[in-house]
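All remarks here apply to the structure that follows.
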Amino acid sequence: MAQNLAKPTAEMHPLRFVIERDEADVMRREMGLAAVTDLLPALVPAAQRMARPSISGYHVGACALGASGRIYLGVNVEFPGVPLHHTIHAEQFVVTNAAIHGERAICFLAVSDFPCGHCRQFLQEIRSASQIQILITGGDFSAADKYRPLYYFLPHPFGPSDLLNKDVPLLLEPHRNDLIDEEDEIGGGVEKREICVNGLGIMEEELRAAAVKAAMAAHAPYSGCASGFALAGCDGKVYSGSYIESAAYNPSVGPLQAAVVAYLAAGASGGGGVGEGIVAAVLAEREGAAVSQEATARTLLAAIAPKVRLSVYPLRSSAGTV
Amino acid sequence: MAQNPVKPTAEIYVIESDEAERMRREMNLTAVSDLLPALVPTAQRMARPQISRYHVGAVALGSSGRIYLGVNVEFPGVPLHHSIHAEQFVVTNAALHGERSIQFIAVSDFPCGHCRQFLQEIRSASQIQIQVTGQGEYRPLSYFLPNPFGPSDLLKEDVPLLLESHCNYLIEEGEKEEEICKGLGEMEERLRAAALMAAREAHAPYSGCPSGFALADGKGRVYAGAYMESAAYNPSLGPVQAAIVAYMVAGGSRGGGGEGGVGEGLVAAVLAEKEHAAVSQETTARVLLAAVAPKARFSVYRVRSSTSPW
């Protein structure tokens, strides 16, 4: 199928999913561009090439500029074998990528295609979402290479302000969910189990701590059911991600998806399946959650890393209320 | 029937075209489409938002002249992507009744982006007229979702779109199992037939994995719904959700006001889908069914593609 043709891009340094501010500035100057915002559309084709659309074959790339000056790349990721609601869109990837790196605001976003309604909705979780500037690199967009505010693409949006009080933190803002790890409660004698793969030892404790930390940072103001997920790669490193909820519910990004974004963005997955190299997985979520991720996470994990056993760590509110 | 034409006392999800016309005349309205906003509060009251308590109602007018009501449905215990939005409900309702096109939709709130996307599956979606109660007149969907991504980005021109006639050539896989008890066997037979028929009508042009789901209540009545895929993938409506809409629309679930569980009264369920489907609904269906109707028996009916209809 014909896809958007890549605009000429300068030869660049090996492309990673995060480009630091000073490096972005070097690239901008090398390409003779006036502003870093002009750099984003130039990077979209390279992002597209890193996409993992294993069902559709349809590659989408996204590139965002954060308030920090850092640039984030995102790609779509599809998961054969499981229902389509597990899919990660490029725009969701790029926002999750930014969140993982502590970015506080996204100001500009370039994408290879018009964002679908699901993504235009997901983006509403960011404060002042309507003012995020969006540029589409492909298609017949009459004002080519021009940024337009998200409000143009989703007028009269439904969003956080329809459901939340003003003082509730939005996506990318610091969250500190009121959660206690049940095992921490029992006492300091948590048995430190080690997982050995190919001679590498990975502390399950490290995974658990990462999943719990991710749960504490999760954006789940609608259900109150924060969750976090941690993956261990065969490189011995831990990759974690937080659940990201949407006011419109369905566009929420599951915690395993967020951890997969961390995994892919770090370049941990090789050229094969998305789950290649994953050796351990941990979910931390509220016990008896009104919105529980466990069964769904098991389903997706079985599809991407069938040999990995999922450990689940229950959390509860420190106030003692459910 | 209802005494007040805009406030039916029972849970009514479909208004036939002659009844709609009668209501229009009684209310001195120019067009039946003017009737839809007046019915939105009625729909809202029937909603089942068991997590958010946020009631959404949607009312649609089909080209047949029939009016359909829709509500949002939430499922505690499972991830939020299982939720059914009111706009998705109303489209599923129309599909169940063989409606070929939807022209007007009135909603209690501005549709979210997920729904504006889901609606793209209908042919000429951009011209569907949308009105939000209290927020002005009808505007085309293209106003709410300009430059949409949709079926035309992925499909050839001749592929049937949502609400159009689908004929997925599916037949059962392998031999039928012997039923142990005749009573169970007969219901299982009807459930399988209904799930297979739904799968044959399912809109799944992106994955090529159509599926259907059938539910049975304690009285042996069967309700079935078909999977509805979205070009944007995530807004797809699962077959279990479609069957739940069928159950609610038929008056099967009478919790009333969000009190009772949506799955109250369900005793058995069958999923019909392709063996080794690239997009398999089985595990997910189990998760949702366990939350909605934990005591219902569940079985999976494997089907496969064939080159001819039967």
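Chain A is the first sequence line, chain B the second, and so forth, proteins listed ahead of strands; every chain is numbered from 1.
Proximity to chain A (any heavy atom under 4.5 Å) is restricted, for B:E229, to the side chain, taken from C-beta onward. Only the side chain of A:S252 comes within contact range of chain B, judged by heavy atoms closer than 4.5 Å. For a residue to count as touching a neighbouring chain, one of its non-hydrogen atoms must lie under 4.5 Å from one of that chain's; by this rule A:E245 touches chain B with the side chain only. Residue contact with chain B, scored on non-hydrogen atoms closer than 4.5 Å, is absent for A:E294. The part of B:S236 that comes within reach of chain A is its side chain, from C-beta onward, which places non-hydrogen atoms under 4.5 angstrom from that chain. Only the side chain of B:V287 comes within less than 4.5 Å of a heavy atom of chain A; its backbone N, CA, C and O stay farther away. A:A248 touches chain B through backbone and side chain together, each having a heavy atom under 4.5 Å away. Looking at B:H85, the atoms closer than 4.5 Å to chain A (heavy atoms on both sides) all sit in the side chain, from C-beta outward.
Most heavy-atom pairs under 4.5 Å with chain B: of the set A:P155, A:P115, A:G159, A:P80, this distinction falls to A:P155. In terms of non-hydrogen atom pairs under 4.5 Å with chain A, the most contact-rich of B:E74, B:Q120, B:Q281 is B:E74. Chosen from A:L163, A:T299, A:L154, the residue pairing most often with chain B at heavy-atom distances under 4.5 Å is A:L154. Between chain A and the residues B:F75, B:Y143, B:Y206, the most heavy-atom pairs under 4.5 angstrom are made by B:Y143.
Side chains of B:Y227 and A:L84 form a contact here, defined as non-hydrogen atoms less than 4.5 Å apart. Side-chain contact between B:P146 and A:Y152 is present, with at least one heavy-atom pair separated by less than 4.5 Å. In this structure, the side chains of A:I55 and B:V279 come closer than 4.5 Å at one or more pairs of heavy atoms. The closest side-chain heavy-atom distance from B:I51 to A:V291 is below 4.5 Å.
Here the closest heavy-atom approach between residue B:T284 and residue A:P83 is recorded as OG1-CG, 3.3 Å. For the residue pair B:H114 and A:P251, the shortest heavy atom distance occurs at CB-CG, 4.1 Å. In terms of heavy-atom proximity, A:F114 sits nearest to B:F149 at O-CB, 4.1 Å. Taking both residues in full, the closest heavy atoms of A:G117 and B:L145 are given as CA-CD1, 3.9 Å, listed atom of the first, atom of the second, then distance. Annotation for A:C116 and B:Q117: closest pair CB-OE1, 3.2 Å, computed over non-hydrogen atoms. Nearest heavy-atom pair, B:N234 versus A:H85, reported as atom, atom and distance to 0.1 Å: ND2-O, 3.3 Å.
Taking the six-membered ring where the residue is Trp, A:H156 and B:F144 present tilted rings, their angle falling between 30° and 60°.
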B:L80/A:Y243 under side chain to side chain contact (heavy atoms under 4.5 Å, CB included): CA gap, chis, key distance, verdict = CA-CA 11 Å; B:L80 300 180; A:Y243 175 48; 3.5 Å; yes
List the steps, then state whether side-chain hydrogen bond (donor to acceptor under 3.5 Å, both in side chains) holds for A:N76 with B:Y233.
-> CA-CA 11 Å; A:N76 59 327; B:Y233 280 26; over 6 Å; no
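If you take CG on B:L288 and OG1 on A:T296, they are separated by 9.5 Å, rounding to the nearest 0.5 Å. One distance of note links OH of B:Y54 with CZ of A:F158; it measures 5.0 Å at 0.5 Å rounding.
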